[in-house]
Each structure stands twice: as structure tokens, then as C-alpha cells.
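Encoded as C-alpha cells, the structure appears first; notes follow it.
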Amino acid sequence: MKIKPKRFRAYWSNDFYNSGTRQVSARFFSVKRSYTTDDIAAIGALAVGDTWKSQHYGSAHTVTRMA
């Protein structure tokens, strides 16, 4: 049996230079991309359908677990 990797829908509002919604894997979230270790842990702990909201940007940057 193959385990499906975690997939996320990440959203950035027009307040961001590279705004929009993209599907990404868990590997996308890293300190190199300016996520804190707490952010990375919280995103990694999401259940399917749950949404993380940035502590700095609120609903201008959210991540929802899709699979």
C-alpha cells in the first residue's frame, strides 16, 4: 500500500507580491521560505480540511490541508 503525501492549498492575498492560490506539498514550508519552526509544525499537524492562518498576516495567508 502506498501512503499519499500530504498536499496543501496555500493562499496569498493581493497584499503579497506573488499572490494567488497554489497546491503545494509539505516540503514547500521551510525556514528558507520564511516560515518559523512553529508555523511548519502547525501546518504539518493539520487534519484534512483544516486551515492554518498566518499569525502575522491573518487571513491574507492561509494553508488548507487537502490530502
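Computation of the quantities below employed the complete heavy-atom set of this structure, encompassing side-chain atoms and omitting hydrogens, waters and symmetry-equivalent molecules. Residue numbers count from 1 along this sequence.
With rounding to the nearest 0.5 Å, the separation of OG1 in Thr62 from NZ in Lys53 is 8.5 Å. The CG atom of Asp50 sits 14.0 Å away from the CE atom of Met66 when rounded to the nearest 0.5 Å.
Residue Ser19 comes nearest to Ser13 through the heavy atom pair CB-O, 2.9 Å, listed as atom of the first residue, atom of the second, then distance.
Side-chain atoms of Arg7 and Arg65, non-hydrogen and from C-beta on, never get closer than 4.5 Å to each other.
Counting side-chain heavy-atom gaps under 4.5 Å among Ile, Leu, Val, Met, Phe, Trp and Tyr, the cluster of Ile40 also holds Phe8, Trp12, Phe16, Val24, Phe28, Phe29, Val31, Tyr35, Ile43, Leu46, Trp52, Tyr57, Val63.
Judged purely by atom type and a 3.5 angstrom limit, His61 uses its side chain to pair as donor or acceptor with the backbone of Tyr11.
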